Amino acid sequence: MTASTHEGPERYEVIIVGTGFAGIGLGTRMKRAGYESFVMLERADDVGGTWRDNTYPGAACDVSSHLYSYSFRINPDWTHVYSPQPEIFKYLKDTAREGLLDHIRFGSEVTDADWDEEAGEWRVVAGGREFAGRVLVLASGRLSDPKMPDIPGIDSFSGTLFHSAAWDHDAALDGLRVGVIGTGASAVQIIPEMAKVAGHLTVFQRGAAYVRPRTNRAYTEVEKRTFERSPEVVEALREDLFWANEARLVERQALPALLDKASADAHAHREAQVKDPVTRELLKPDYVFGCKRGLKSNDYYPAFNLPHVTLQASGIERIEGAVVHAVDGRTHELDVLVAATGFEATDLPISYRVRGAGGRALSEAWATGMQAFATVSPHGFPNLVVMGGPNTGLGHNSAIYIIESQVDYILGVLDFLAEDPARVVDIDAKVEEEFMRNLETKMEGTVWLSEGCQTWYVDSRNGRLTSLWPDFAHSFRRENGVFDPSPYIVSTAPGRSGSEAGNG
Ligand code: NAP
């Protein structure tokens with residue numbers, strides 16, 4: 001790692017923002033490829049991103065462990081088919097320990113990032129310090145800023161209130177009246193755990209979820225040692241898991257027969273597990289399968305059979321002191337309220353702090369929805385790459401596969417820029433628009449844009465499907481996994497003396 005020694009900003013080739021799966025993945029691959037001049041800015045005091053922050057009871061991954069991990073760092077020791085949060089967090093920390101810790105500045109939240117056209121570099125302020133880098137990588141994610149619900153009077157709640165991604169481990173729960181707002185991927189893991197400890201649990205369901213069985217099991221010692229001795233066995237397992245998941249995409253592509261089969265499985269699961277017919281009906285989703293992330297749980301529905309668990313199947317009208325008033329007029333007095341209400345996934349807070357060519361904020365460029373060529377390069381933001389930004393979410397397969405595809409692409413960008421210390425790349429607006437038009441063709445007819453589908457994958461400001469990649473994961477890699485400089489505008493930073501001229 002090298003930084004400037006003179007007065008002024010710490011200077012690097014590359015500045016990476018975030019040390020979650022994306023940042024750690026890129027940093028590790030850069031390190032292995034021999035890159036040394038990079039710094040990683042992390043606002044928290046540890047690595048891990050969403051797997052550091054989401055410590056709620058029951059937190060786990062609903063994608064198989066051997067697929068939800070880097071292909072370049074397989075882990076024979078996963079204890080279960082689906083890993084709990086502490087194991088994934090440890091995996092990321094162990095990965096970072098293999099050479100990245102010296103590159104990371106903890107407690108360094110990016111407050112400003114400005115493109116300096118003359119110098120051909122990004123000037124970044126983080127944690128009160130200044131950094132300069134030719135390339136800025138936003139690896140800060142879409143599921144990193146918790147979204148509190150906009151409920152009138154929520155600030156007046158007199159009990160303990162917190163978000164699922166900022167769990168208050170000091171809060172008393174045992175025997176108390178606990179409410180959980182939301183029935184998404186986080187809530188279905190939290191609710192069974194709260195049912196175990198709360199004196200009374202109230203679940204505030206605005207829209208019911210499709211929940212299918214989750215068949216988890218521990219790996220045996222024999223299996224783990226086989227994985228250790230024979231990495232090719234893990235490779236084969238990863239292939240099987242990947243292609244089995246790929247087949248699930250067609251469920252989302254509005255092919256009626258497959259949608260019917262998937263929703264029938266979820267309905268059968270609910271009917272088999274929920275005893276009370278009224279509750280069973282209230283838990284039934286009223287939208288097409290696949291619109292929201294399909295969930296997996298064996299202990300979510302049974303929680304509603306317990307006498308001390310109440311389902312409030314309506315929105316919340318207001319909160320006054322300890323009392324939550326539901327839209328249907330019922331009231332619930334609570335000691336603790338957990339908002340499992342998701343994240344600022346479509347209007348990213350960091351986009352307000354990044355200013356590209358001409359001082360234009362990324363939030364302004366994305367006012368009509370996030371977009372970027374190859375999901376990585378937004379027009380007007382030279383030498384900026386985004387990871388886990390627009391159109392990178394998957395409802396059907398492992399997010400790590402997408403991250404690794406972007407890592408490959410970005411390593412291509414870095415190698416290209418390394419050929420000439422003055423080189424600058426930006427994508428032409430028309431090329432970006434054409435990329436988006438092609439993507440929008442893929443989106444046509446999918447469940448996410450069907451009538452009545454309300455999902456965080458769609459930007460509520462404009463109705464555009466900006467969070468999700470609307471196709472197979474392998475097509476993402478084919479289309480966005482290899483950097484090709486030809487569609488880019490390549491120029492030379494005027495202020496970089498002693499460097500070779502750029503090529504265009
Ligand atoms: P989410 O999927 O956005 O769910 C938020 C929940 O809160 C929804 O049920 C939503 O209701 C409800 N809600 C939001 N605002 C509300 C309001 N004002 N009043 C009442 N209800 C409100 O958030 P999440 O569960 O945290 O999951 C986010 C993403 O994280 C997932 O989609 C997934 O990508 C990831 N995740 C993954 C795993 C995993 O195992 N891999 C686990 C957890 C999370 P509506 O449905 O009506 O909008």
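One is the number of the first residue; the rest follow in order along the sequence. Bear in mind that the values here come from a model prediction, so they are computed numbers and not experimental data. In listed order, ligands and their atoms are each counted from 1.
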**Q** Using ring centroids (six-membered ring only for Trp), state whether H474 and F472 fall under 6.0 Å.
**A** yes
**Q** Counting only heavy atoms and a distance below 4.0 Å, can you name the residues contacting ligand 1?
**A** Y56, A60, C61, D62, L143, P149, I181, G182, T183, G184, A185, S186, Q189, R206, G207, K292, R293, A340, T341, G342, F343, W456
**Q** Salt-bridge test for E109 and R353: reply yes if a basic N is under 4.0 Å from a carboxylate O, no otherwise.
**A** yes
**Q** Hydrogens and angles aside, do Q273 and H269 bring a side-chain donor and acceptor to less than 3.5 Å of each other?
**A** yes
**Q** Should the pair R73 and Y91 be classed as cation-pi, given the thresholds of under 6.0 Å to the six-membered ring centre and 45° from the axis?
**A** yes
**Q** Are E223 and R217 within salt-bridge range, i.e. N to O under 4.0 Å?
**A** yes
**Q** Could you label the plane-to-plane angle of the F304 and Y300 rings as parallel, tilted or perpendicular, counting under 30° as parallel and over 60° as perpendicular?
**A** perpendicular
